[in-house]
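Report on one structure; see the data block that follows.
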Amino acid sequence: MVGEQRRLLIRFEGEDLGHGAHVVLPRLTLALHEGERVALLGQSGAGKSTLLAELRRRLGGQAAWCPQHHGLVPQLAVYHNVFMGRLPEHSALANLWNLVRPLRGPWREVAALCDELGLAGLMRRPVGELSGGQRQRVAIARALYQARPLFLGDEPVASVDPHQALRLLDLIDSRHTTSVVALHQRELALSHFDRVWGLRDGRLAIDARADALTLAELDALYPDAAEPNRRPPPDGSDAAMPSPEALPCARGRP
């Protein structure tokens with residue numbers, strides 16, 4: 001709600017994010033508040049995974065995690081992959097017993113979650129036998145099963161059609177008060193989320209409310225996609241792609 005004071009969850013103040021000595025996002029200034037639904041956009045290599053990894057590290061047990069490449073065990077059944085979301089909550093003996101004979105309570109909980117995700121009847125099937133879209137939903141189910149207040153997802157709806165993507169995002173919203181989701185579906189970013197973070201060339205080019213943005217502004221985050229179809233205008237002049245400085249960023253730039 002506009003004007004509402006939301007609790008600050010995490011803040012970056014001119015920080016360098018990366019891997020070891022390699023800086024991917026230099027001098028990042030950014031804040032995440034409780035209750036925000038954030039779409040994280042940017043072409044491959046822009047630093048989305050780097051930012052999500054740092055959010056996950058700092059938020060710790062507050063955040064459920066859905067990785068880009070699912071992180072599932074192909075040989076194990078759907079049930080066991082989802083159950084791994086709460087593996088640390090049980091003793092080693094209980095987890096071993098559950099591997100052989102599923103525990104009654106967790107089985108019911110996972111079954112209810114699978115029903116919501118369109119995975120009914122697949123609980124005993126090895127994940128390696130599922131389609132890409134089904135594996136994506138299993139990964140989301142595992143994150144939801146963690147039952148944490150925040151959801152961090154690295155392209156969690158990349159392998160499903162637009163209708164399913166909306167259903168999955170609605171389900172994520174219903175179970176988490178705050179979310180940061182990396183995706184490439186720009187229309188979804190504007191229609192489903194209340195804030196957009198856009199990365200380009202190692203910089204935060206957009207940090208603004210979704211209702212204050214346009215598709216054209218989001219398209220500027222993907223300059224490589226425009227190159228193959230780029231044609232000179234009729235007058236022969238070269239219309240340049242907007243620079244990061246031309247994109248809206250509510251928190252300013254260095």
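We number each residue from 1, following the sequence as shown. Remember, predicted model here, so these are calculated numbers, not experimental data.
- A salt bridge between Arg11 and Glu13 is present, with a side-chain N of the basic residue lying under 4.0 Å from a carboxylate O of the acidic one.
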Legend entry - Chi angles and distances behind the side-chain contact (heavy atoms from CB on, under 4.5 Å) call for Asp219, Arg186: CA-CA 8 Å; Asp219 286 343; Arg186 300 181 292 286; 2.6 Å; yes
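- Between the side chain of Thr29 and the main chain of Gly14, a donor-acceptor pair closer than 3.5 Å is present.
- Just one of His69, Gln136, Gln185, His184 meets the side-chain hydrogen bond (donor to acceptor under 3.5 Å, both in side chains) condition when paired with Glu155; it is His184.
- Taking every heavy atom of both residues into account, Ala63 and Leu152 meet most closely at CB-CD1, 3.8 Å.
- A pairwise comparison of heavy atoms in Leu190 and Leu215 identifies CD1-N, 3.7 Å as the closest pair.
- At a threshold of 4.0 Å, the pair Arg175-Glu116 counts as salt-bridged, since one of the basic side-chain nitrogens sits closer than that to a carboxylate oxygen.
- Arg209 and Asp211 are joined by a salt bridge, as a carboxylate oxygen and a charged side-chain nitrogen come within less than 4.0 angstrom of each other.
- Across every non-hydrogen atom of Pro74 and Pro126, the tightest pair is O-CB, 3.6 Å.
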Inset, instruction - Start with the C-alpha distance between Leu199 and Leu40, add both sets of side-chain angles, then the distance that settles side-chain contact (heavy atoms from CB on, under 4.5 Å), and finish with yes or no. - result: CA-CA 8 Å; Leu199 302 177; Leu40 177 58; 4.1 Å; yes
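- With salt bridges taken as basic N to acidic carboxylate O contacts below 4.0 Å, one links Arg58 and Glu15.
- A side-chain contact (heavy atoms from CB on, under 4.5 Å) with Val127 is found for exactly one of Gln75, Gln134, Arg135, namely Arg135.
- Not a single donor-acceptor pair under 3.5 Å links the side chain of Arg195 to the backbone N or O of Val38.
- In terms of modelled atom types and a separation under 3.5 Å, the side chain of Asp201 and the main chain of Arg203 share no donor-acceptor contact.
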Inset, instruction - Walk me through it: do Leu122 and Cys114 pass the test side-chain contact (heavy atoms from CB on, under 4.5 Å)? - result: CA-CA 8 Å; Leu122 300 177; Cys114 285; over 6 Å; no
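- Here NE2 of His90 is found 7.5 Å from CG of Asn98. Values are rounded to the nearest 0.5 Å.
- Surrounding CZ of Arg167 are at most 12 heavy atoms belonging to other residues, nucleotides or ligands under 6.0 Å away.
- Within the cation-pi definition used here (under 6.0 Å to the ring centroid, within 45° of the axis), Arg37 does not qualify as a partner of Phe151.
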Inset, instruction - Could you walk me through whether Asp16 and Leu25 pass side-chain contact (heavy atoms from CB on, under 4.5 Å), step by step? - result: CA-CA 6 Å; Asp16 293 341; Leu25 296 171; over 6 Å; no
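- The heavy-atom pair separating Pro102 from Trp107 by the smallest distance is CB-CE3, 3.6 Å.
- Of the possible polar contacts, none joining the Lys48 side chain to the Asp154 backbone as a donor-acceptor pair under 3.5 Å is found.
- Annotation: side-chain hydrogen bond (donor to acceptor under 3.5 Å, both in side chains) contacts involving residues 142-153, sequence neighbours excluded, comprise Glu109-Tyr145, Gln146-Arg148.
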